[in-house]
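Worksheet for the structure shown next.
Just so it is clear, the model here is predicted, and its values are computed rather than measured. Basis for what follows: all heavy atoms, side chains included, without hydrogens, waters or symmetry-related copies.
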Amino acid sequence: MTTISTSRRSSSSPSSGDRLTVRLDAVDVQLLVSTQADGDVHPDRVPVEVLADRRRALVDLPWTMLAQRHGTDVVRVTVPGEHDGTPGDVAITDLTGAVLGCWTADCAPIVLASEAGEVAAVHAGWRGLAAGVVDAACDAFRVPPSVAVLGPTIGPCCYEFGRDDLALVAAGVGVRSHDLTGRTSAGTPALDMAAAVAAACRRRDIAVTTWGGCTGCAHPGFSHRVRRDPDRHVLAVWTEAR
């Protein structure tokens, strides 16, 4: 049986934001999302030693954050901290105590997990969704994933989107364009990223838990689309044995 619970980090902590725990048969899957208060974690902008300190303040375990490229490449982590900085958009592991980080500022950070204790951190921008990044991640699991968590991503309220590109996303997740079409707060056509992620997961018989608000107007992180922030926050995932 899978159970999901959320908690807010202590106000005495040097960082802020929320944690989520997914209890599976074999392990507890821990998720944490950073905010502006935790600082920029963009690996191309932040000095190595500063990035290491910021990540350690969030989770004091070895980290793997990929050099994300809006593609479908999958990287398997076999030693905690392995492949940190390697190009790819899906990091997967069956190790406990190995942190996988997906850094974003509007794109969809997705965590997939299987009852066998395997987890993946998936970076899904609209190009990745159109290319099939969720399918690529699911295909990398040894036991099919049964849990998906979508972290803070830009909502349709803030994501005006063109018709042609929306059709590409819809084709990539196997639905019709109108299934993903929302409206911005100004009333213009928008891409509903959460609906796109849900559609991609539904094809693999996985229900999605949505966790966190719109990065453009609700989540206290960064937004490239709305504020042109160059900084990035991170969704971190790791497992703990029971």
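- Checking side-chain atoms of D28 against main-chain N and O of E240 turns up no donor-acceptor pair under 3.5 Å.
- Under the 4.5 Å side-chain contact rule for hydrophobic residues, M193 and L168 share a cluster.
- Counting non-hydrogen atoms of other residues, nucleotides and ligands closer than 6.0 Å to CG of D164 gives a total of 12 or fewer.
- Rounding to the nearest 0.5 Å gives a distance of 10.0 Å between OG of S185 and CD of E160.
- No side-chain heavy atom of W211 sits under 4.5 Å from any side-chain heavy atom of V111.
- Taking 4.5 Å as the limit, some side-chain heavy atom of C138 sits within range of a side-chain heavy atom of L112.
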*Step by step, work out the side chain to side chain contact (heavy atoms under 4.5 Å, CB included) result for C214 and I154.*
CA-CA 5 Å; C214 170; I154 194 164; 4.2 Å; yes
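- Nearest heavy-atom pair across A199 and V175 is CB-CG1, 3.7 Å.
- Under a 3.5 Å cut-off, the side chain of T72 and the backbone N or O of A131 do not form any donor-acceptor pair.
- Contact annotation: the side chain of R45 approaches that of D40 to within less than 4.5 Å [non-hydrogen atoms, C-beta and beyond].
- Between the CG atom of L20 and the OG1 atom of T209 there is a distance of 7.5 Å, given to the nearest 0.5 Å.
- Two residues are said to be in side-chain contact when any heavy atoms from C-beta on lie closer than 4.5 Å; V226 and C217 fail this criterion.
- In this structure, the side chains of P189 and L166 stay at 4.5 Å or more apart for every pair of heavy atoms.
- Ring-plane geometry between F161 and W126 is classed as perpendicular, the angle between the planes exceeding 60 degrees on a 0 to 90 degree scale with a lower cut at 30.
- If you take CG on D84 and CZ on R55, they are separated by 4.0 Å, rounding to the nearest 0.5 Å.
- Linking Ile, Leu, Val, Met, Phe, Trp and Tyr whenever their side-chain heavy atoms come within less than 4.5 Å puts I110 and V90 in one cluster.
- The shortest side-chain heavy-atom distance between C107 and H123 falls under the 4.5 Å cut-off.
- Using modelled atom types, one side-chain atom of D38 and one backbone atom of T35 make a donor-acceptor pair closer than 3.5 Å.
- When the side chains of ILVMFWY residues are joined at heavy-atom separations under 4.5 Å, either directly or via intervening members, L180 and V208 end up in a single hydrophobic cluster.
- Between the R227 side chain and the G216 main chain, a donor and an acceptor come within less than 3.5 Å of each other.
- The cluster map of Ile, Leu, Val, Met, Phe, Trp and Tyr, joined by side-chain heavy atoms under 4.5 Å apart, puts V33 and V29 in the same cluster.
- Side-chain atoms of E115 come within 3.5 Å of backbone atoms of D25 as a donor-acceptor pair (strictly under, hydrogens ignored).
- The aromatic rings of W103 and H42 sit tilted, their planes meeting at an angle between 30° and 60°.
- Of the candidates D106, T104, T153, T215 forms a side chain to side chain donor-acceptor pair (under 3.5 Å) with just one, namely D106.
- Both V122 and L129 belong to a single network of hydrophobic side chains, linked directly or stepwise wherever heavy atoms of I, L, V, M, F, W or Y lie under 4.5 Å apart.
- Annotation for T96 and A241: closest pair CG2-N, 3.9 Å, computed over non-hydrogen atoms.
- Counting heavy atoms from C-beta on, the side chains of V134 and V173 never come closer than 4.5 Å.
- Two residues are said to be in side-chain contact when any heavy atoms from C-beta on lie closer than 4.5 Å; D73 and P87 fail this criterion.
- Here the options are D192, T188, L191, the test is side-chain contact (heavy atoms from CB on, under 4.5 Å), and the partner is Y159; only L191 passes.
- Atoms CD and OG1, on Q30 and T239 in that order, are 9.0 Å from each other to the nearest 0.5 Å.
- Nearest heavy atom pair, residue R142 against residue E118, reads N-OE1, 3.0 Å.
- The distance from atom OG of S34 to atom NE2 of H219, rounded to the nearest 0.5 Å, is 6.5 Å.
- Counting all heavy atoms, side chain and backbone alike, M65 lies closest to V234 at SD-CG2, 3.9 Å.
- Summarising the geometry, atom OG1 belonging to T21 is positioned 10.0 Å from atom CG belonging to L32; distances are rounded to the nearest 0.5 Å.
- Open room surrounds CZ on R176; 12 or fewer heavy atoms of other groups in view lie less than 6.0 Å from it.
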